There are 2 protein chains.
Amino acid sequence: MTERPADTLLPASNPRNLAAIFDRNEVKDTYRISYLANSLVLPVYDDIKRDFGLNRGEYLLLFCLAHMPELTAQDVANMTGRPRNSISRAVHRMLSEGYLNRIPDAVDGRQAWLTITRKGRKLHETIVKGFEAREEQILGALDKKERQTLDRILQKLVLHTAGL
Amino acid sequence: MTERPADTLLPASNPRNLAAIFDRNEVKDTYRISYLANSLVLPVYDDIKRDFGLNRGEYLLLFCLAHMPELTAQDVANMTGRPRNSISRAVHRMLSEGYLNRIPDAVDGRQAWLTITRKGRKLHETIVKGFEAREEQILGALDKKERQTLDRILQKLVLHTAGL
DNA sequence: GGTATTTTGTTCCATTTGGAACATTATATC
DNA sequence: GATATAATGTTCCAAATGGAACAAAATACC
């Protein structure tokens, strides 16, 4: 599905009404959810890359660690769905930058426990503001009731999906 | 945000409740929308790559052309948000495979008009079934009323977003 | 009409991504 | 205890991606 918001889809700016694609396809919900997701995150990831030099996997790792006391690389891979090698690379990059700690597991020699450093948490807190602003820019179009309804539906769907 | 569904997030299968991330972050809606979007499309893109040898950009191009009478490369770039060079590559790949026609514009020598071929439409129709099935697998968790509500909210949001 | 600037799509090249192979460690099986 | 299999994270390497540079065509400006 679409990957990024386009700014010439609506009739006002494009006589050929490219926005008709929202209604004119076999999987309208998928298309629209994907469009929204990309609208929400892609501009922010661009900013993260430009301003902080982190790629997506690196920030995702930081994001996960910012919300969990400790994780293994495997946990992160499961949470993010990214391949293990991507996580491995991100771990070692972020470790060398001082954004996380990595302590080998005392029992299982294959694993190490990852925790966020103060430096890492500070960076996360700076970066996440961009996501918050973008979320408000887009979802702010909904009124309070709609926002609550969406919240309920989203939670239902993610829990359902996570159980598949 | 997360990129792909994980299958070990819920407590039933993971004692450390990785699914807590859905509630435990600053941008819950963004996270959940992104999670859903990726759950909806990524497995299908994997299938497309494996079964048909098309990358994401190539299928997106086909998808756009399947729903519009004709488009320029620029249109597709605007609709999908992908860089022009990616579209250019996809155009020439799909052209050589016989999935689209490309006719230079009579007035503007820089542009060409892209239309889907019968072969291309047939391929699209085969592929989109995978998206339909996945959409139903995930969104089928909603009842009819919820589904209608989501439809309304999604349309409101995408139109708002396209106008930003 | 001449020149400057913008647009459109292509090509180049560096970075990112992700499947596969791998080494080490742990678990399962006998 | 010995062997087979699976799990964990790392490294290799090919493919995908995307910014920048570019050429040709169109538009803007004088």
Side-chain angles (χ1 to χ4, degrees), chain A residues 2-4 6-8 13-14 16 38 42-43 45-61 70-96 100 102-114, chain B residues 2-4 6-8 13-14 16 38 42-43 45-61 70-96 100 102-114:
Chain A
T2 62
E3 299 271 324
R4 187 189 289 262
D7 55 9
T8 54
S13 56
N14 188 326
R16 275 183 294 111
N38 288 306
L42 291 183
Y45 276 124
D46 289 344
D47 292 343
I48 292 168
K49 180 65 186 172
R50 186 194 66 221
D51 297 337
F52 305 102
L54 301 190
N55 68 36
R56 184 178 292 194
E58 284 153 4
Y59 179 64
L60 274 173
L61 170 62
E70 61 182 5
L71 295 167
T72 65
Q74 178 75 289
D75 290 333
V76 178
N78 286 338
M79 288 171 76
T80 61
R82 295 183 72 82
R84 292 176 303 171
N85 61 346
S86 296
I87 303 300
S88 182
R89 280 195 299 263
V91 165
H92 288 279
R93 164 93 201 280
M94 301 299 269
L95 179 64
S96 69
L100 61 86
R102 184 174 182 275
I103 299 168
D105 187 85
V107 174
D108 185 342
R110 299 167 301 180
Q111 289 190 333
W113 288 97
L114 311 172
Chain B
T2 62
E3 299 270 318
R4 186 189 290 264
D7 55 10
T8 55
S13 56
N14 187 326
R16 274 185 293 112
N38 289 307
L42 290 184
Y45 276 124
D46 289 344
D47 293 342
I48 292 168
K49 180 66 189 174
R50 187 194 66 222
D51 298 335
F52 305 103
L54 301 190
N55 68 39
R56 184 179 293 196
E58 285 155 1
Y59 179 64
L60 273 173
L61 170 63
E70 61 181 5
L71 294 167
T72 65
Q74 177 76 289
D75 290 333
V76 179
N78 285 337
M79 288 171 76
T80 62
R82 294 182 74 81
R84 294 175 304 172
N85 63 345
S86 296
I87 302 300
S88 183
R89 279 195 299 262
V91 164
H92 288 279
R93 164 94 201 281
M94 301 299 269
L95 179 63
S96 70
L100 61 87
R102 185 176 180 275
I103 299 167
D105 187 85
V107 174
D108 184 341
R110 300 166 305 178
Q111 287 191 333
W113 289 97
L114 312 172

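Residue numbers start from 1 in every chain, and the chains themselves are labelled A, B, ... in the order their sequence lines are given, proteins ahead of strands. The structure presented is a predicted model; accordingly, all values stated were derived computationally and were not measured.
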Inset, instruction - Check whether any side-chain nitrogen or oxygen of B:Arg84 sits under 4.0 Å from OP1 or OP2 of C:dT8, and answer yes or no. - result: no
Legend entry - Spacing of B:His92 atom NE2 relative to C:dC12 atom C1', expressed in whole Å: 15 Å
Legend entry - Any A:Ser88 side-chain nitrogen or oxygen under 4.0 Å from OP1 or OP2 of D:dT10: yes
Inset, instruction - Using a 4.5 Å cut-off on heavy atoms from C-beta on, say whether the side chain of A:Asp75 contacts that of A:Glu70. - result: no
Inset, instruction - Send over the distance from A:Tyr59 OH to C:dT16 P, rounded to a whole Å. - result: 18 Å
Inset, instruction - Determine whether any donor atom in the side chain of A:Arg89 lies under 3.5 Å from an acceptor atom in the base of D:dG9, or the reverse, and answer yes or no. - result: no
Inset, instruction - Salt-bridge test for A:Asp47 and A:Arg50: reply yes if a basic N is under 4.0 Å from a carboxylate O, no otherwise. - result: yes
Legend entry - Of A:Ser86 and A:Gly109, the one whose closest DNA chain C nucleotide lies more 5': A:Ser86
Legend entry - Separation of D:dG18 P from A:Tyr45 OH (nearest whole Å): 14 Å
Inset, instruction - To the nearest Å, give me how far apart CZ (A:Arg93) and C1' (C:dT17) are. - result: 15 Å
Legend entry - Interatomic distance where CD belongs to B:Gln74 and P belongs to C:dT7 [whole Å]: 9 Å
Legend entry - Qualifying residue for salt bridge (charged side-chain N to carboxylate O under 4.0 Å, His left out) with B:Glu58, from B:Arg89, B:Arg82, B:Arg93: B:Arg93
Legend entry - Check: D:dA7 base within 3.5 Å donor-acceptor of A:Arg110 side chain: yes
Legend entry - A:Lys49 side chain near D:dG18 phosphate (N/O to OP1/OP2, under 4.0 Å): no
Inset, instruction - Starting at atom CH2 of A:Trp113, determine the distance to atom C1' of D:dT8, rounded to an integer number of angstrom. - result: 12 Å
Inset, instruction - Send over the distance from B:Leu54 CG to D:dA15 C1', rounded to a whole Å. - result: 15 Å
Inset, instruction - Rounded off to whole Å, could you give me the CD1-to-P distance for the A:Ile87 and D:dT11 pair? - result: 15 Å
Inset, instruction - Assign B:Val107 to base, sugar-phosphate, or nothing according to its heavy-atom contacts below 4.0 angstrom with the strands shown. - result: sugar-phosphate
Legend entry - Phosphate OP1/OP2 of D:dT10: any A:Arg102 side-chain N/O under 4.0 Å: yes
Inset, instruction - Determine whether B:Val91 and B:Arg102 make a side-chain contact, defined as any pair of heavy atoms from C-beta on separated by less than 4.5 Å. - result: yes
Legend entry - A:Ser88 side chain vs A:Arg84 backbone, donor-acceptor pair below 3.5 Å: no
Inset, instruction - Using only side-chain N and O atoms of B:Asn55, determine if any of them is under 4.0 Å from OP1 or OP2 of D:dT17. - result: yes
